[in-house]
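Values reported hereafter were calculated over all heavy atoms of this structure, with side chains retained and with hydrogens, waters and symmetry mates removed. We count residues from 1, following the sequence as given. We count ligands from 1, going down the list as the structure has it; atoms in each ligand are counted the same way.
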Amino acid sequence: MIGLMPSSSTMLLPTAATFLLLLAAPGVQAWGAMGHETVAYVATDFVAAGTRTYFQSLLGDASADYLASVASWADSYRYTKAGKFSAGFHYIDAHDDPPASCGVDFSRDCGAGGCIVSAISNYTSRLLDTDLSSSDRQIAAKMVIHFLGDIGQPLHNENLDVGGNDIHVEYSGDETNLHHIWDSEIPESVSGGSSLSSARSWATSLTTAINSGTYKSQAGGWVSGLSIADAQNTTIDWATESNAYVCSVVLVGGIDAVENKDLSGDYTTTAQPVVSLQIAKQGYRLAKWLDAIATAV
Ligand SMILES: *[C@@H]1O[C@H](CO)[C@@H](O)[C@H](O)[C@H]1NC(C)=O
Ligand SMILES: *[C@@H]1O[C@H](CO)[C@@H](O)[C@H](O)[C@H]1NC(C)=O
Ligand SMILES: [Zn+2]
């Protein structure tokens, strides 16, 4: 009977498979690859010359894309058998109560298996440990570059509905979820696309905003208290700041205000400045973090 299957249903199979892959994709990434690449390019624009040399050598890439090209490696690794243990390192499950109250508490929210805060500490220590092989330190570098991006995404600092993955929304008529649009659709609505070149040009405008524009007066504050020796306290502060946007913007009207709604209009317009700020901030912080490591090692 297989041979008699009408060609129309045969034709549906690849479409259905593609659809399932698209549905599975949201869990795969943090900021989408483009967001991570933008964080990395902003960092590239601000690292000291010695930091650039150090990381280009460690990563074996002398190009200008040495940080951006490894920025989303950790999102592929977490889905491999060898990298499965690292899946929980991409977020911290704040058990708060948005939009009424937000907050992150390390002992309450960082599970026994670790979280983004403990992972940044761990991989920063491993980068500094010259007894480790260069391939282990290369992995540590890729993890740090990635997780300093993830921590800026508000829904990576939230337990509710699996960080919004279980909140169904629409975007320009497409079925997706709240977590996914914060990773990809909203950032791409700002940068104009998902390519590496979109990331590079968005980073250039964020770098200008830090040097001489909107962010000039704030950038110093973004890195005040930054300490690789006290990585846990530093990154808990960043997680707390990022998580606060879950109450003030992401879920400001509660779940009912977003669930099953198309969020490509006013919701996106309100979210865009937050996404730009968080990407710029984490890129600038990543530059200072890598500077501190290159200086200490
Ligand atoms: C630190 O990183 C190593 C290498 O990936 C991993 O095996 C270990 O479980 C991590 N430790 C913590 C506490 O996250
Ligand atoms: C981390 O912050 C806590 C609370 O503010 C403080 O008591 C502790 O000394 C800090 N840890 C380090 C290593 O500075
Ligand atoms: Zn991630």
Side-chain angles (χ1 to χ4, degrees), residues 24-40 43 58-59 67-94 106-107 109-159 162-165 177-188 194 199 228 230-236 238-239 242-243 275 278-279 282-283 285-286 289 293:
V28 173
Q29 300 197 332
W31 294 117
M34 195 281 301
H36 281 284
E37 289 156 4
T38 307
V39 168
L58 179 63
L59 295 166
L67 299 179
S69 62
V70 298
S72 39
W73 173 85
D75 273 336
S76 320
Y77 183 63
R78 66 187 283 193
Y79 288 95
T80 65
K81 201 175 167 194
K84 204 174 164 217
F85 73 94
S86 66
F89 295 171
H90 294 248
Y91 51 82
I92 182 165
D93 276 337
F106 181 80
S107 51
D109 301 325
C110 191
C115 66
I116 192 164
V117 171
S118 58
I120 292 172
S121 296
N122 183 38
Y123 289 108
T124 297
S125 304
R126 292 174 69 85
L127 260 170
L128 293 167
D129 183 354
T130 48
D131 289 339
L132 290 179
S133 67
S134 61
S135 72
D136 279 344
R137 284 187 297 121
Q138 202 174 73
I139 289 172
K142 294 176 188 175
M143 295 291 200
V144 165
I145 293 162
H146 183 84
F147 296 146
L148 260 71
D150 275 350
I151 203 167
Q153 210 276 47
L155 288 168
H156 275 253
N157 304 277
E158 180 52 56
N159 179 63
V162 197
N165 273 292
N177 69 68
L178 189 66
H179 187 100
H180 191 266
I181 69 165
W182 277 85
D183 278 349
S184 299
E185 282 84 351
I186 298 171
E188 288 165 20
S194 59
I228 58 167
D230 189 9
Q232 183 173 312
N233 277 357
T234 302
T235 55
I236 270 288
W238 297 347
S242 187
N243 158 277
V275 167
Q278 290 299 93
I279 297 268
Q282 291 312 123
R285 286 169 170 167
L286 177 58
W289 200 263
I293 290 166

The Zn ion (ligand 3) contact by H146, N, O or S atom under 2.8 Å: yes
- prompt: Is it true that a side-chain atom of H146 and a backbone atom of A74 form a donor plus acceptor pair closer than 3.5 Å?
  reply: no
- request: Name whichever N, O or S atom of D150 ends up nearest to the Zn ion (ligand 3).
  value: OD2
Please tabulate, one line per pair, the protein N or O atoms found under 3.5 Å from any N or O atom of ligand 1, giving the distance to one decimal.
residue: ligand 1; atom: 2 (O); partner: N122; partner atom: ND2; Å: 2.3
residue: ligand 1; atom: 2 (O); partner: Y123; partner atom: OH; Å: 3.3
residue: ligand 1; atom: 5 (O); partner: Y123; partner atom: OH; Å: 2.6
residue: ligand 1; atom: 11 (N); partner: N122; partner atom: ND2; Å: 3.0
residue: ligand 1; atom: 14 (O); partner: N122; partner atom: ND2; Å: 3.3

task: Report yes if the distance between the aromatic ring centroids of H90 and H156 is under 6.0 Å, otherwise no.
output: no
- request: Find the distance between SG (C110) and CG (D93) and round it off to the nearest 0.5 Å.
  value: 9.5 Å
- prompt: For the residue pair Y77 and F85, what are the closest heavy atoms and their distance?
  reply: OH-CE2, 3.4 Å
query: In H90, the N, O or S atom nearest to the Zn ion (ligand 3) is which?
result: ND1
- prompt: Which single N/O/S atom of D75 lies at minimum distance from the Zn ion (ligand 3)?
  reply: OD1
- line: Closest non-hydrogen contact found for D129 with R137 is O-CD, 3.3 Å
field: Closest approach of E37 to A199 (non-hydrogen atoms, all atoms of both residues)
entry: CB-CB, 3.6 Å
- line: The side-chain hydrogen bond (donor to acceptor under 3.5 Å, both in side chains) partners of W289 (sequence neighbours excluded) come to T124
query: Is the Zn ion (ligand 3) under 2.8 Å from any N, O or S atom of H36?
result: no
message: On a heavy-atom basis, which atom in C115 and which in I92 lie closest, and how many Å separate them?
response: SG-CD1, 3.9 Å
